[in-house]
Every structure is written in structure tokens, then in C-alpha cells.
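To keep things clear, I will list the structure first and then write my remarks on it.
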Amino acid sequence: MSPNQNPPARDANLPGAHLEEAHLRSILSNVPDAMVVIDSQCIILSFSSAAEKMFGYAESELIGENVSVLMPSPDRERHDGYINRYLRTGDRRIIGIGRVTTARRRDGSTFPIELSIGEAVTPEGHVFTGFIRDLTETQQTERRLQDLQTELAHMSRVSAMGTLASALAHELNQPLTAIASYMEGARDMLDSADAETIEMVREALDEAAAQAMRAGHIVRRLRDFISRGDTERRIESLHKLVTEANALALVGAGERGVQVRVSLDPSADRVLVDRIQVQQVLLNLIRNALEAMEDSSDRRLVISADAQPGGTVQVKVEDSGPGLDPKVAEHLFEPFFSTKDTGMGLGLSICRTIIEAQGGKIWATRSSMGGTAFHFTLIAATTDDLDED
Ligand code: ADP
């Protein structure tokens, strides 16, 4: 017997109803995952003990309330619509599938969760049971692993850069030495400047110029080689991409009381991107925003996206932190520029490389919330792209 088929007994006068209710209560107070049972109007019918601990609400406060109180925007406003669409179309986007998303505690803070939903049809209508697992800890472990990976990636970057630097020194040494000796030769020849000598000086200067061009080619070739990262672009849902990156970045942010709002234009949802790389950009920007707000009393983060003319989508990540120092703003996207003790100063330069490689632009402005707003553009997917999908 699953609790889905037995929502809290409504008709307590029926024989056995009390027994069933007691049975359900004992399940609800012992399951380790938080469980929330709702009806087809999204009204909460029961709320397990684990859910009480996870969200900071007592069951008695929530019975009869709409389940959207447990969600941050935009799901909060859209949830009734999700259920109605499902009941109308039978199209399952989450029921029986599960997904990683963000939930909202009583104090307004948000945290990452894994949500699975079971459905049962009772004589009184549909009943949905949500099983919720708090991913904070799992993600903390993942984040530690990720930090380790970042460190490893850094080490390999450092050694790759070492190799690059010695290759560069070796390759450039020869044309630079040649330039220097042609220039010195030309200077000495000028001491006895007859017509024949002037001709030789001209030749020496031509050679010096040719060697300088060669050094320039070497530098350009190396730069092309480094920036030729393979990216695989597909049509992705921006909503899904942002929800996942946000859940990952928000680990621990709930404890710091950050209010997060996600406001994505539904008509700008389909984008042609390399998902992992764009999530890397979002993760960097969100973490930077959270770090910038560490000492602020007002901590708000807004992630929004709008369709732009010309087939692009503009994504904005803004915070209510202290904003950018003008001195910092000048060097923002330069590699190895950081104002943090432990910062590597690579985050934003990597963001720029990724966004530009995908045909977009990235820049920063002042946010209307007082802090910084990072904007970047992505290519919107067209119907032609859809055919390839
Ligand atoms: P890192 O985070 O390692 O310092 P980044 O390239 O990501 O490297 O950022 C460079 C610098 O830009 C940071 O050290 C910080 O001074 C500034 N910065 C980035 N994001 C913000 C933000 N949201 N608010 C204020 N300053 C920021």
C-alpha cells in the first residue's frame, strides 16, 4: 500500500479510517526524505516530519495552503499552471521522472533539492506525493570534488603555460636575435654612408622587418592554437540550464540568507549553446555575485533572460553587492586579475572566452539593485535549428 492511494483520511467516520490515518502518520513521521502530499488544486494535504525540519514550517501551518509556498519564483507563480497543463494534456515533465530544482524555506532562503513526484488517482481526484531530498550536502561533496578538479585543472594549466612559455621563448628567440643583429649592422653601416652602403642598410632593414613579421606570425599561430577549443552546440532550454546551475551555485547560499529570483522570458527559452560551458559561465557569475554580497546586509540575486532583436538572447546575472570599483572594472575580464586573497582571477576571462567562442558578448554594468550586473548574449535557436535537433 502506498500513501498515495491513501491521502489523510477525509471521512474519519468510516470504520478503519482512524487506523489508516494512524498508519499514514507513522509513515510520514519516519520516512527520511521529506514528503508532501497535495491534491489536484495544489493544496497541501499532509507534510512529513522530515519536511517540517527541512522547510521550517509545522504541518499545521501548511495544511490547506498551496504547495507553491515551498517554491521560489518563477515556479511559485507557475506551479498551478504546471499541474493544470499536466491534468489537461497528460504530458509528464516531472511526474515519474524527477529533477534537480530549488526549494524555499519558511525564512525565504533557497536550497537545492532533488524532487520526485508520484501520482495516484483516488475517488476524490488526483493526489500527488512529492519526495524531496535536500542536495545541500551532496552538492557540498560534489563542490569539494569540483574544487579539487579546478585545482588540478589549474595545475595542468600552469604546467601547460610553462611548456608554452619555453616553446615561445625558443621559437621567438631566433627571429628576435636576427632583428637585433640586422639593426646593429644597419646602424654601424650608417657610419660610412655611401650609395652602396645605403643599399646594404636598406637590405638589412628589410630583413629585420621580415623577421619581426615572422615573430608576429608565431605569436598569432600560438594564440589561434590556444583559442581553438572544440565546442559542441545543441538546442537547450535556458530554463533548465539556469535551474541546474543555480541549484549547484546556491550550495550554502541559503544559510547566508540570499534571496534569489529567476525571471526568464519563456519566448527566449531555446538557445543554441554548449550546455556545460554556459553553465560554467553562470556558475562563475553566480558565485562571484554571492562572494561580492558576503558582507552586505541586503543580499539579492536576480537571474533574468530576454529575447533581443537579431536572434539573440540576453542573460543577466545581477546582485545587490557593493558594485565594481572603477579600477577593477577596467581589468575585469583580464586573466589573473583578482581582488580576492585566494582568487585566481581566471573566472571572468574564461567566461569571456566561452561566450565569444559561441558567438556572444559579455559585459558588466551597474545593477539597479546597487551592485553589479553581468550581461551576456547567446544565440537563440531558430526553427531551422529545430530540424537538426
Ligand atoms: P576571481 O573570482 O578569482 O577573483 P574573476 O575573474 O571571476 O576572478 O573576477 C575578477 C574580479 O572581479 C574579482 O576579484 C572581483 O574583484 C571582481 N568581481 C567579479 N564579480 C563581481 C561582482 N559580482 N561584484 C563585484 N566585484 C566582482
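As the structure lists them, so they are numbered: ligands from 1, and atoms in each ligand from 1.
For Lys240 and Glu244, the salt-bridge test passes: some basic side-chain N is under 4.0 Å from an acidic carboxylate O. No salt bridge links Glu318 with Arg300; every basic N to acidic carboxylate O contact stays at or beyond 4.0 Å. A salt bridge does not link Glu356 to Lys361: none of the charged nitrogens lies less than 4.0 Å from a carboxylate oxygen. The existence of a salt bridge linking Glu184 and Arg187 is excluded, since no basic side-chain nitrogen approaches an acidic carboxylate oxygen closer than 4.0 Å.
Residues in residues 368-380 take part in these side chain to side chain donor-acceptor pair (under 3.5 Å) pairs, two or more places apart or across chains: Gln314-His375, Thr365-His375.
For a heavy-atom separation below 4.0 Å, the residues in contact with ligand 1 are Asn288, Ala289, Ala292, Asp319, Gly323, Leu324, Val328, Leu332, Phe337, Ser338, Thr339, Lys340, Gly343, Met344, Gly345, Leu346, Gly347, Leu348, Thr372, Phe374.
By the neighbour-count criterion of 12 heavy atoms within 6.0 Å, atom CD of Glu196 is sparsely surrounded, having that number or fewer from other residues, nucleotides or ligands.
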